[in-house]
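Each remark here refers to the structure printed beneath this line.
Being a predicted model, the structure only gives us computed values, none of them experimental. Just so it is clear, the values below take in all heavy atoms, side chains as well, and ignore hydrogens, waters and symmetry mates. In what follows, chains carry the letters A, B, and so on, assigned in the order in which the sequence lines appear, proteins first and then strands, with residues in each chain numbered from 1.
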Amino acid sequence: MIEAVNKQIKLFLTSIEGSSNDSTQAILNKFTTSISEDLKNGHLTTNVCMVAASILRLNPKELAENLEKSLKKLNKFKKVEVAGPGFVNITLHREDFVSIIKEIMKLEEDFGKSDIGNKKRVQIEFVSANPTGPLHVGHGRGAAYGDAIGRILKSTGHYVEKEYYINDAGRQIDILTASVLLKIIQKEINDFFPQNAYKGTYIELIGKDFLQNNKIKYNDIGILTKNLASDPEKEIDQIIVNLKEMDIEIWNLAKAFSLKSIIDSIKSDLKEFNVNFDNWFEESSLGSLESPVSEITKSINKLKQDEEAYEKDGAIWLNTDSSGDDKHRVLIRDDGRATYFASDVAYHKNKVDRGFDSLINVWGADHHGYIKRIEASIEALGSSKEILKVKLVQFANLFKSGKKVKMSTRSGEFFTLRDLIGDIGTDAARFYYLSKQADQHLDFDLDLAKSDSKENIFYYIQYAHARIFSLEKKFKETHSNLKMNIDSIKNNGYKKCDVLIHEISKYPNIINKSSRTLQPHIIIFYLRDLSQLFHSYYNDNHVLSESEENIQSIIFCLSAVKQTIANGLKVLGITPMQKM
RNA sequence: GCGCCUGUAGCUCAGCUGGAUAGAGCAACUGCCUUCUAAGCAGUGGGUCAGGAGUUCGAAUCUCUUCAGGCGCGCCA
């Protein structure tokens, strides 16, 4: 029906005196015809006259009156009227209004899906936490967000690949390895443990596991802690060098073992959190500067060749002017080692080369200063920075018993994603992570997420779904004589269901908007509104005592509501509950 | 100092490509369970949309500015 209205609007616009092709196009790009916010404004509403008025400098109300006449001539609608400052509101014929119910019954879980993405190839990189410890609650938010937008984009006709970038190269992995080894031999070195090593019981556990199949025997262990620098950064680097010298074989074994055990635990946490990646991309696969054919070497060579990178003060720098970054950035340090940024440049080149139409990076908000240099590198390597969208995810503060849960890094103990899942479950955790715009601070109340009050929106929505599920079950028992047939129901049998029908009609547009803006939270707010309308209906109407004449229509309508709630939850990666 | 984000009811937040009387939940107060799950529903009160200026027929929404808060500004990752 919206298409029919828009077709007529197009004709109407070209007939306006003084309009040009350009102005008409501008109006067409800007106006909307949509399901009205509120039934009192009819079923459909369009703001085209107000948009046209501001572009053509005409009176919106006059335009609206003309459009009204033009739409009435079509003879397709029950009522067309001008309202407010120049809206044109349309009331559909009964048959058209309720047709959504049959549509949903037919489409089932496909209701809300669309092809607006035109099969665009989108890659989403998210979480990508360093494999030096377990995922914490901050990573959880990025995981929930990245996975949700992946599902949303997929359901709106995009081809989506989800990827985790594993920083498995570089100094931090050496620090991890050293931490594990030092824990194992801690007693032999008088409980010495450097300030900058990783702490936490997980380090000890990895050490114990490692000893199951390996033996460690250092000959002159005293060397390890001799003449260490007082600067903690230098101290840990010296220890790494010493450990390697003392037994390179053990070092390599411990390194591989530690890395694998942490990556495995990250993978299993994410799996439990219902987050699945298509690719796990290892930083080490980009190779090193020592190899002339590695991706990292090749991308730097290309930058040098194109004079985008240059040497200064013994280091190699990237010119980042194209993105308006504050300063140029170092790719290779004056001691010849590549920076973390150099790997990232090669990694993004790799992504671009894989032929995606769009790249989405989900980053912690503290990385926002990093965006411009990556954009500059993409430009420098000959692509447009428009291909990359960086979505920033703010920190989440956890509250328990009204108190902020401290994220202590000093002791190495912190509230992990696994702890959170154990506490409130995957679905509730995902739900609350997604309940607010990703780029804003989130106060995550653990007590609320477990409470059984209306304030707990997660259960409020699930309760609506479960109530309908149970109604359907009861209905089958009490009305086993009735044969349910969607084509034989009466359009006037949807007693008092109109607000529900109107609300579920909005769903496809909610999904599209969520996809366009990459904002899952609007689906949550929509589901809450829909649930509230249902609970209200449920309280006022005793469904199972409705007449046989109407009850089929009503049950179909409520099933459509249930389907809509289920689809909305599923696209967020949350499982709808059938009973509570 | 520079850059990014935020400021809406007592609290937690929607609304922001300008549009219909600024919404919801909680908290406060009042009602509704002999009938389909009360983890529910109905109602009342509560707002200079941080302050100021501008653009517009129209501003919570756009621009400028002031104030307040958060984050980022390494040859760290």
* Which nucleotide, in any strand shown, forms a Watson-Crick or G-U wobble pair with B:U35, with both distances under 3.5 Å? -> none
* Asked: Does B:A53 pair with anything, Watson-Crick or G-U wobble, both distances under 3.5 Å, and if so, with which nucleotide?
  -> B:U63
* Looking for any heavy atom pair under 4.0 Å, which part of the strands does A:Asn41 touch: base, sugar-phosphate only, or nothing? -> base
* Asked: Mind checking who B:G45 pairs with, Watson-Crick or G-U wobble, both distances under 3.5 Å?
  -> none
* To do: Report which part of the nucleic acid A:Ser435 touches: base, sugar-phosphate, or nothing (heavy-atom distance under 4.0 Å, all strands).
  => nothing
* A:Gln462 near the nucleic acid: base, sugar-phosphate alone, or nothing, with a heavy-atom cut-off under 4.0 Å? -> nothing
* Structure fact -> Mate of B:G72 across any strand shown (Watson-Crick or G-U wobble, both atom pairs under 3.5 Å) is B:C2
* For A:Asp445, which contact category applies under a 4.0 Å heavy-atom criterion: base, sugar-phosphate, or nothing? -> nothing
* To do: Would you check, one step at a time, whether the test side-chain hydrogen bond (donor to acceptor under 3.5 Å, both in side chains) holds for A:Gln172 with A:Asn167?
  => CA-CA 9 Å; A:Gln172 60 198 327; A:Asn167 293 114; 4.9 Å; no
* To do: Just call it for A:Lys40: base, sugar-phosphate, or nothing, with non-hydrogen atoms closer than 4.0 Å on any strand.
  => base
* Structure fact -> Under a 3.5 Å limit on both distances, the Watson-Crick or wobble mate of B:G10 is B:C26
* Donor-acceptor pair under 3.5 Å: do we get one between A:His368's side chain and the base of B:G3? -> yes
* Chi angles and distances behind the ring-ring contact (aromatic ring centres under 6.0 Å, His included) call for A:Tyr347, A:Phe281 -> CA-CA 9 Å; A:Tyr347 176 46; A:Phe281 190 99; 4.7 Å; yes
* Asked: With sugar-phosphate meaning primed atoms plus P, OP1 and OP2, does A:Asn47 contact a base, only sugar-phosphate, or nothing at under 4.0 Å between heavy atoms?
  -> nothing
* Check: A:Thr132 side chain, B:A77 base, donor-acceptor under 3.5 Å -> no
* Go through B:G40, B:G19, B:G72 for me and flag the one nearest to the A:Phe87 side chain. => B:G19
* Atom-to-atom span, NE2 of A:His441 to P of B:G69 - whole angstrom -> 14 Å
* Asked: Looking across every strand, which nucleic acid part, if any, lies under 4.0 Å from A:His535 by heavy atom: base, sugar-phosphate, or nothing?
  -> sugar-phosphate
* Asked: Given that both distances must come in under 3.5 Å, which nucleotide forms a Watson-Crick or G-U wobble pair with B:U17?
  -> none
* Asked: Any idea which of B:G72, B:G15, B:A77 is nearest the A:Ile522 side chain?
  -> B:G15
* Asked: Touch check for A:Ala466, heavy atoms < 4.0 angstrom, all strands: base, sugar-phosphate only, or nothing?
  -> base
* Structure fact -> Regarding the side chain of A:Gln532, the nearest nucleotide among B:A77, B:A20, B:A42 is B:A42
* What is the distance, rounded to the nearest whole Å, between atom CG of A:Asp540 and atom C1' of B:U35? -> 15 Å
* Asked: Which part of the nucleic acid, if any, lies within contact of A:Asn89, taking any heavy atom under 4.0 Å across all strands shown: a base, the sugar-phosphate backbone alone, or nothing?
  -> base
